[in-house]
Protein chains: 2
Amino acid sequence: MQSRNTSARRAILELLQTCGCHLTVQEVYERVQPQLPSLNPSTVYRNLRFLVEQGSISVSDMGLGTPVYEALHAAPHHHLICEGCGHEIELSDGPVRALFAELEQTHHFEIITNHLVLFGLCPTCRQKGQDPESS
Amino acid sequence: MQSRNTSARRAILELLQTCGCHLTVQEVYERVQPQLPSLNPSTVYRNLRFLVEQGSISVSDMGLGTPVYEALHAAPHHHLICEGCGHEIELSDGPVRALFAELEQTHHFEIITNHLVLFGLCPTCRQKGQDPESS
DNA sequence: CTCCTTTTTGCAAATATTTGCAATAAGGAT
DNA sequence: ATCCTTATTGCAAATATTTGCAAAAAGGAG
């Protein structure tokens with residue numbers, strides 16, 4: 001026996017798998033607590049960390065100040081986030097996977113990271129930034 | 001006038017540029033405080049955030065539980081970190097830059113991320129993990 | 001050099017996150 | 001169904017990080 005299928009852990013994982021989206025610790029807590037009235041925030045923190053280590057979910061910094069958690073999909077994907085307006089663009093796995101494969105070969109490493117988040121500027125915000133003072 | 005060259009900001013940036021390594025908030029505070037006795041941790045947090053936004057330094061999650069800050073080098077580099085033993089491998093910028101360039105073209109995006117950290121397993125830890133129970 | 005405006009800072013009070021520990025509950029064995 | 005071992009939980013107390021606000025100090029203008 002090593003890890004136990006507790007109601008809290010089950011509820012948290014199910015929530016993430018069902019919603020299929022990115023959720024913050026707060027959001028997870030708020031959505032699970034109603035079904036498990038005595039749920040404590042620290043249990044949520046601990047379980048999220050556990051599920052990440054176990055590989056059932058991923059954590060990412062999407063620039064929100066607090067990390068977001070997401071169930072691992074069949075189809076991995078990545079994000080490009082605009083630092084100007086916050087706009088998120090979903091990236092296909094192909095090119096990223098190609099880089100990972102190359103790095104794995106070169107360094108005899110096995111890459112576990114499965115959700116890459118890159119920050120930058122979207123076309124619109126790039127223009128704004130380049131605009132000379134419009135006065 | 002927009003941003004001011006205060007002693008705290010100067011000291012923090014100089015520290016990072018001089019040491020040329022990754023430092024946590026704690027470490028920055030501990031090393032700058034002696035020279036600026038009245039320095040408050042919140043000032044360190046605020047300045048690190050400021051310097052990141054301004055583009056003078058970068059933040060990264062190296063898996064330590066708290067982010068690390070580093071002055072931006074002339075030669076950008078990235079890391080592969082082993083989740084088993086913590087070993088860090090430095091990656092050259094080439095292949096990563098190539099992916100970034102491809103993504104920038106495809107999405108008309110300008111990527112700002114300049115320090116990529118990927119997690120995985122080093123050759124040694126991979127073997128350990130694959131070993132059937134050695135009993 | 002003095003004055004003025006605005007950014008920064010220190011401090012204290014919020015929040016957020018982690019941790020220690022005793023009580024609870026999974027789940028295997030009997 | 002009962003007992004046992006040990007992973008998990010809740011709670012309270014540490015830590016870590018952010019925020020509001022009045023006081024301090026950059027830096028430009030006069």
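Values reported hereafter were calculated over all heavy atoms of this structure, with side chains retained and with hydrogens, waters and symmetry mates removed. Residue numbers begin at 1 in each chain, while the letters A, B, ... track the order of the sequences.
Between Gly65(B) and Ser7(B), the residue whose closest nucleotide on DNA chain D is further toward the 5' end is Gly65(B).
The aromatic rings of His77(B) and His79(B) lie perpendicular to each other, with more than 60° between the two planes, well past the 30° mark.
When all heavy atoms are compared, the tightest approach of Gly55(B) to Leu72(B) is O-CD1, 3.1 Å. Closest approach of Cys82(A) and Cys125(A) over heavy atoms only: SG-SG, 3.7 Å. Summarising the geometry of Thr113(A) relative to Phe100(A), their closest heavy-atom pair is O-CE2, 3.4 Å, with the distance given to 0.1 Å. Closest heavy-atom contact between Asn114(B) and His78(B): O-CE1, 3.6 Å.
For the side chain to side chain contact (heavy atoms under 4.5 Å, CB included) criterion with Leu48(B), the lone passing option out of Leu23(B), Leu13(B), Leu16(B), Val59(B) is Leu16(B).
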| query | Does the pair Leu15(A) and Val28(A) meet the rule for a side-chain contact (heavy atoms from CB on, under 4.5 Å), with working shown? | reply | CA-CA 8 Å; Leu15(A) 166 62; Val28(A) 170; 4.2 Å; yes

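Scanning DNA chain C 5' to 3' for nucleotides with an atom closer than 4.0 angstrom to a non-hydrogen atom of chain B gives a first and last hit of dT5(C) to dC11(C).
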Distances under 3.5 Å only, N/O to N/O: pair up the protein atoms with those of nucleotides 27-30 of chain D.
residue: dG27(D); atom: OP1; partner: Asn5(B); partner atom: N; Å: 3.1

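Put simply, CD1 on Ile12(B) and CD on Gln17(B) are 12.0 Å apart, with the number rounded to the nearest 0.5 Å.
Aromatic rings from His115(A) and His22(A) are positioned such that their centres are separated by under 6.0 Å.
Within residues 35-49 of chain B, the residues having any heavy atom closer than 4.0 Å to DNA chain D are, in order of number, Ser42(B), Tyr45(B), Arg46(B), Arg49(B).
The main-chain N or O of Asn5(A) is found under 3.5 Å from a side-chain atom of Arg10(A) such that the two form a donor-acceptor pair.
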